[in-house]
Enquirer: 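If you scroll down you'll find the structure; I have some questions about it.
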Amino acid sequence: MRIISRHPRAMDISTLILGAGAAGLFCASRTGPGTVVVDHAARAGEKIRISGGGRCNFTNTGCAAENFLGRNPHFAKSALARYGPWDFVALVDRYGIAWHEKTLGQLFCDGKATQIIDMLRAEAAGADLWLRTEVAEVAHDGTRFVVRVVREGRNVTVRAANLVVATGGKSIPAMGATGLGYKIAEQFGLPVTDTRPALVPFTFSDERFKPLAGVAVPVRAHADGPAFEEALLFTHRGLSGPAMLQASSYWTEGAPVAADLLPGLDLRTALRQARVDSPRRNLTTVLAHHLPGRLVEYLAGQMDMAGNCAEWSDARIEALADALSAWVLRPTATEGYRTAEVTLGGVDTTALSSRTMEAKARPGLYFIGECVDVTGWLGGYNFQWAWASAHAAGSAIADSQDGSRRTS
């Protein structure tokens, strides 16, 4: 991929891709000659670089449409079926990038995430990359898309047969996220669903968990959706960790979040047995064998845990087991787009072809990646959607160009 520093005043090209993130770079590897990728950032693939603790959780082996949220739960099926996790793994293997499975089908680089960026740029070697470039105006003249960009203070007008919007969502504005893709969609008459932060920590206005900051515990948690059995992490501001990030995608303001603090443990049987084996031991001491001590101390201030095991009736044991298996909390809010890994909602999929990602009412206009109303779970799913949607759009553009050459 060539980084272009020259400044033409105007140019005609085949395909203009807005956004040099995961979806934009991968799409450029498919669209063929005459492609330009523009991005406001100084470097391409910045979200890739910071993802997965710098190792990039680039896909998930169990990726399927049911791992995504959106108004149309079936929309992602076509793209994912035609470019799945093992297709991307084959590409990674071809470049000799070592990887490993961490948990739950999550695949990470053994080395640095920059290996994935380098691979994508190599795959898109035929495209031109314009960094530090702002999109100032987008229009259509009846024949082609006309996009005015600003590069180092100079205006450049690009006329393109195809316009691919891969600008991402509103997440992590410190990295330049603006919601530009939604504005472009609305400009061309495409509906946009409500958007909000997802895969984001919860906050509590009273900072009740500040004494527990840094404590982590495996839980089974859910909001208004499926339950996720992963870690919960207490923070100064509230709740984080994979289980809470997953639940946040299904949470709405004012709603509760529930967590089973002892998934897989039959607490009723364990406490009854402790009553026989260690009748004089405090119940909190027994619980501390199953939960972090600081958490037990905190919970003892919220629930009835007084007395030694011999004093605990079956009824009290039942009540405590019920409380710990369905610990219900009502977060005040989330940390918002500042720390959200993705944006929930986006360009309404009713306006797009599920096979090509092209706007039904505007030929040549494509939306891919996070700006579309397809939001994945934590664990490599959103990267796989970026690859699959980019492959769908890029392949469609390449096919149309081949068809045009054959008929010309």
Side-chain angles (χ1 to χ4, degrees), residues 199-336 339 378:
L199 300 181
V200 61
F202 291 111
T203 61
F204 293 77
S205 58
D206 57 6
E207 296 185 335
R208 67 185 69 176
F209 298 121
K210 194 171 184 178
L212 294 174
V215 173
V217 60
V219 301
R220 182 175 173 83
H222 67 92
D224 186 19
F228 297 92
E229 193 164 331
E230 298 190 63
L232 178 156
L233 173 67
F234 294 94
T235 72
H236 285 83
R237 302 187 65 196
L239 301 173
S240 187
M244 291 295 106
L245 298 186
Q246 297 277 37
S248 73
S249 294
Y250 295 87
W251 181 79
T252 54
E253 190 171 350
V257 176
D260 180 350
L261 295 175
L262 292 162
L265 175 69
D266 184 347
L267 184 61
R268 294 167 178 80
T269 299
L271 293 182
R272 289 184 186 121
Q273 190 62 45
R275 189 171 57 188
V276 175
D277 298 339
S278 309
R280 297 190 179 186
R281 183 173 294 180
N282 287 337
L283 182 124
T284 53
T285 302
V286 175
L287 276 181
H289 286 288
H290 305 290
L291 290 170
R294 284 165 61 191
L295 177 57
V296 172
E297 182 180 353
Y298 176 88
L299 293 171
Q302 313 294 316
M303 305 174 185
D304 175 19
M305 294 187 184
N308 58 39
C309 292
E311 298 171 358
W312 275 71
S313 65
D314 285 348
R316 288 183 73 189
I317 289 175
E318 286 285 338
L320 180 62
D322 288 344
L324 294 180
S325 65
W327 191 37
V328 179
L329 302 161
R330 289 187 182 274
T332 304
T334 70
E335 292 190 0
T339 61
L378 183 72

Enquirer: Salt bridge or not for Arg275 and Asp314, using N-O below 4.0 Å?
Expert: yes

Enquirer: Nearest 0.5 Å, please: how far is OG in Ser249 from CG in Leu199?
Expert: 4.0 Å

Enquirer: Over 60° means perpendicular and under 30° means parallel, so tell me whether Trp327 and Phe209 are parallel, tilted or perpendicular.
Expert: perpendicular

Enquirer: Does the Asn308 side chain pair with the main chain of Ala310, one donor and one acceptor, at a distance under 3.5 Å?
Expert: yes

Enquirer: Is there a side-chain contact between Val286 and Leu271 (heavy atoms, below 4.5 Å)?
Expert: yes

Enquirer: What salt bridge (Lys or Arg N to Asp or Glu O under 4.0 Å) pairs are there with at least one residue in residues 199-211, not counting sequence neighbours?
Expert: Asp206-Arg208

Enquirer: Mind listing the closest non-hydrogen atom pair of Ser240 and Thr235 along with its distance?
Expert: CB-CG2, 3.8 Å

Enquirer: Evaluate the side-chain proximity of Leu239 to Val257: yes if any heavy-atom separation is below 4.5 Å, no if none is.
Expert: no

Enquirer: For the atom pair OH (Tyr298) and CE (Met303), what is the distance rounded to the nearest 0.5 Å?
Expert: 9.0 Å

Enquirer: Main chain of Thr332, side chain of Ser205: is a donor-acceptor contact present, judged purely on distance under 3.5 Å?
Expert: no

Enquirer: Hey, does the side chain of Arg294 reach the backbone of Ala213 with a donor-acceptor pair shorter than 3.5 angstrom?
Expert: yes

Enquirer: Would you mind reporting whether Leu267 and Leu287 have side-chain heavy atoms less than 4.5 Å apart?
Expert: yes

Enquirer: Would you give the length of the straight line joining atom CG of Leu232 to atom CG of Leu245, rounded to the nearest 0.5 angstrom?
Expert: 10.0 Å

Enquirer: Would you name the heavy atoms of His222 and Ala227 that are closest together and state the gap between them?
Expert: CB-CA, 3.7 Å

Enquirer: Got more than 12 heavy atoms from elsewhere within 6.0 Å of CG, Asp322?
Expert: yes

Enquirer: Around atom CD of Gln302, are there more than 12 heavy atoms from other residues, nucleotides or ligands closer than 6.0 Å?
Expert: yes

Enquirer: Atom CD of residue position Glu297 - does it have more than 12 heavy atoms of other residues, nucleotides or ligands inside 6.0 Å?
Expert: no

Enquirer: Nearest 0.5 Å, what's the CH2-CZ distance between Trp251 and Arg330?
Expert: 10.5 Å

Enquirer: Please report the interatomic distance CG(Leu324) to CZ(Arg268), rounded to the nearest 0.5 Å.
Expert: 10.0 Å

Enquirer: For the residue pair Tyr250 and Phe228, does the interplanar ring angle fall in the parallel (under 30°), tilted (30 to 60°) or perpendicular (over 60°) class?
Expert: tilted

